Amino acid sequence: MISIRKAEARGHANHGWLDSYHTFSFANYFDREYMGFRSLRVINEDRVSPSNGFGTHGHRDMEIITYVLEGALEHKDSTGNTAVLYPGEVQHMSTGTGIMHSEYNYSKSEEVHFLQIWLLPNSRGLKPTYNQRSFDIEKNSGKLNLVVAKDGRNGALKINQDVDLFAGVLKEGDHFSYSFDSERYGWVQVARGEIDLNDLSLKAGDGAALSEINDVYITAKEDAEILLFDLA
């Protein structure tokens, strides 16, 4: 079964410096039908104006992934990590027993556009960790690239949850398939462009929950960028 979450049905909050769309319930947006999917709890599409951002705040017992689409995002946290995240790089933070951090648009002139993703961990009270890695997603266009995995295989960032996260940059006409093992679930999020997913049309901001389905077939109707989650 494929259940589509349309972009325009998402929660929306515009704070001036921040324009944010919420796939699942978040902050002041609540929809009991969209509290998450499996271990996936948050997918926020954020646009932050130049020199603005999220001041120092805390998280605990959450696996947080940041995926930049345009611009640059500066990160600082209480464990001493300071970094700037660009398109093609993926950041993972396991907040565990607690971590304080801030995120700011690194540019004084251009907007930063990114996806903020939260997943529930498989254990609570873990030691906080931070990792960031560059992946040749643009160079390896037309296919899925493993960027986050429970076992950290093939250079993926290691996460404390039974999930594989793939990212793909597609050119118009690119086509590929993906097979799920039995009793696995999937979520496809279209970050940019438009695709066909098993002949269902998805555009930027749309998501699709996949249940009791083994094979998916993806075709780019125009240049696109997608994330695919393989979930327990």
Side-chain angles (χ1 to χ4, degrees), residues 1-12 19-24 34 37 40 42-48 65-73 85-92 110-119 133-149 154 156-157 163-180 184-211 213-231:
M1 184 177 78
I2 300 178
S3 177
I4 297 177
R5 173 64 156 157
K6 300 299 292 183
E8 57 270 21
R10 297 176 296 174
H12 182 218
D19 190 16
S20 182
Y21 285 88
H22 313 316
T23 294
F24 304 113
Y34 290 94
F37 181 73
L40 187 56
V42 169
I43 301 178
N44 287 349
E45 181 181 2
D46 292 341
R47 289 178 170 85
V48 175
I65 298 166
T66 305
Y67 187 90
V68 173
L69 296 165
E70 296 174 293
L73 188 69
L85 186 66
Y86 295 94
E89 296 179 311
V90 180
Q91 176 196 93
H92 168 251
E110 297 180 355
E111 181 181 80
V112 60
H113 178 200
F114 61 100
L115 297 178
Q116 186 93 153
I117 300 156
W118 297 7
L119 295 106
R133 191 164 299 160
S134 177
F135 296 89
D136 290 330
I137 299 169
E138 188 79 38
K139 292 181 181 178
N140 293 318
S141 64
K143 67 176 186 178
L144 293 174
N145 302 270
L146 182 65
V147 296
V148 177
N154 300 328
L157 297 176
V163 58
D164 288 340
L165 172 58
F166 299 85
V169 171
L170 313 176
K171 301 296 184 183
E172 182 178 354
D174 282 346
H175 176 81
F176 59 86
S177 62
Y178 183 84
S179 297
F180 292 92
R184 299 289 291 184
Y185 298 79
W187 184 277
V188 173
Q189 187 71 26
V190 182
R192 292 192 286 201
E194 187 173 358
I195 66 168
D196 276 341
L197 174 68
N198 288 21
D199 297 323
L200 297 172
S201 180
L202 298 176
K203 59 181 177 58
D206 290 349
L210 311 174
S211 304
I213 189 168
N214 296 115
D215 300 306
V216 292
Y217 305 92
I218 295 172
T219 301
K221 299 174 73 173
E222 60 184 44
D223 291 356
E225 189 164 0
I226 67 168
L227 298 179
L228 184 148
F229 297 82
D230 186 324
L231 302 152

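Residue numbers start at 1 and run along the sequence shown. Note that the structure is a prediction, hence the values are computed from the model and not measured.
- Arg184 CZ to Ser211 OG: the interatomic distance, rounded to the nearest 0.5 Å, is 12.5 Å.
- Among residues two or more places apart in sequence or in another chain, the ring pair (Phe, Tyr, Trp, His ring centres under 6.0 Å) test is passed with His12 by Tyr21.
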Identify all side-chain donor-acceptor contacts of residues 112-119 below 3.5 Å with residues at least two apart in sequence or on another chain.
from, atom 1, to, atom 2, distance (Å)
His113, ND1, Glu70, OE1, 3.4
His113, NE2, Glu45, OE2, 2.8
His113, NE2, Arg47, NH2, 3.4
Gln116, NE2, Thr66, OG1, 2.9
Gln116, NE2, Glu103, OE2, 3.4

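- Pro87 has its side chain out of reach of Glu89: every pair of non-hydrogen atoms, C-beta onward, lies at least 4.5 Å apart.
- A salt bridge links Glu8 to Lys203: at least one charged side-chain nitrogen sits closer than 4.0 Å to a carboxylate oxygen.
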field: Verdict with supporting geometry, Lys6 and Ile4, side chain to side chain contact (heavy atoms under 4.5 Å, CB included)
entry: CA-CA 6 Å; Lys6 300 299 292 183; Ile4 297 177; 3.5 Å; yes

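- Side chains of Asp215 and Ser179: a donor-acceptor N/O pair is present below 3.5 angstrom, by distance only.
- Residues forming a salt bridge (Lys or Arg N to Asp or Glu O under 4.0 Å) with Asp46 (at least two apart in sequence, or on another chain): none.
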Tyr67/Gln189 under side chain to side chain donor-acceptor pair (under 3.5 Å): CA gap, chis, key distance, verdict: CA-CA 12 Å; Tyr67 187 90; Gln189 187 71 26; over 6 Å; no

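- Closest approach of Ala204 to Ala191, counting heavy atoms only: CB-O, 4.0 Å.
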task: Please report the C-alpha distance between Phe37 and Tyr185 in whole Å, then the side-chain angles of each, then the deciding distance to 0.1 Å, and finally whether the side chain to side chain contact (heavy atoms under 4.5 Å, CB included) criterion is met.
output: CA-CA 9 Å; Phe37 181 73; Tyr185 298 79; 4.0 Å; yes

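- Side-chain contact between Val90 and His92 is absent, with no heavy-atom pair separated by less than 4.5 Å.
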Which pairs would a plain distance check flag for residues 163-173, meaning a side-chain donor or acceptor within less than 3.5 Å of a matching protein atom at least two apart in sequence or in another chain?
from, atom 1, to, atom 2, distance (Å)
Asp164, OD1, Arg153, NH1, 3.2
Asp164, OD2, Arg153, NH2, 2.7

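- Between Gly71 and Val68 the shortest heavy-atom distance is O-CG1, 3.6 Å.
- When all heavy atoms of Ala208 and Leu197 are compared, the pair lying nearest together is CB-CD2, 3.7 Å.
- At distances below 3.5 Å, at least one donor-acceptor pair connects side-chain atoms of Arg5 with backbone N or O atoms of Thr23.
- Surrounding CD of Glu111 are more than 12 heavy atoms belonging to other residues, nucleotides or ligands, all under 6.0 Å away.
- Interatomic distance, Ser3 OG to Leu210 CG, rounded to the nearest 0.5 Å: 9.5 Å.
- Contact between Ile213 and Val216 at its shortest, heavy atoms only, is CD1-CG1, 4.3 Å.
- For Lys221, the salt bridge (Lys or Arg N to Asp or Glu O under 4.0 Å) test picks out Glu194, Asp196, with sequence neighbours left out.
- You'll find the side chain of Asp174 stays beyond 4.5 Å of the side chain of Ile218, heavy atoms only.
- Within the model, atoms CG of Leu202 and CD1 of Ile195 stand 5.0 Å from one another, a figure rounded to the nearest 0.5 Å.
- When every heavy atom of Phe229 is checked against every heavy atom of Phe180, the shortest pair comes out as O-CE2, 3.9 Å.
- Every residue was checked against the ring pair (Phe, Tyr, Trp, His ring centres under 6.0 Å) condition with Tyr34, not counting sequence neighbours, and none meets it.
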Residues Leu200, Ile2; criterion side chain to side chain contact (heavy atoms under 4.5 Å, CB included); working and verdict: CA-CA 9 Å; Leu200 297 172; Ile2 300 178; 3.9 Å; yes

message: For Leu157 and Ile65: C-alpha separation, side-chain torsions, deciding distance, then whether side chain to side chain contact (heavy atoms under 4.5 Å, CB included) applies.
response: CA-CA 10 Å; Leu157 297 176; Ile65 298 166; over 6 Å; no

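- Residues Tyr178 and Phe176 keep their aromatic ring centres 6.0 Å or farther apart.
- Note: Tyr217 and His175 have parallel aromatic rings, judged against thresholds of 30 and 60 degrees for the angle between ring planes.
- Here the side chains of Ile43 and Trp187 are in contact, with some heavy-atom distance below 4.5 Å.
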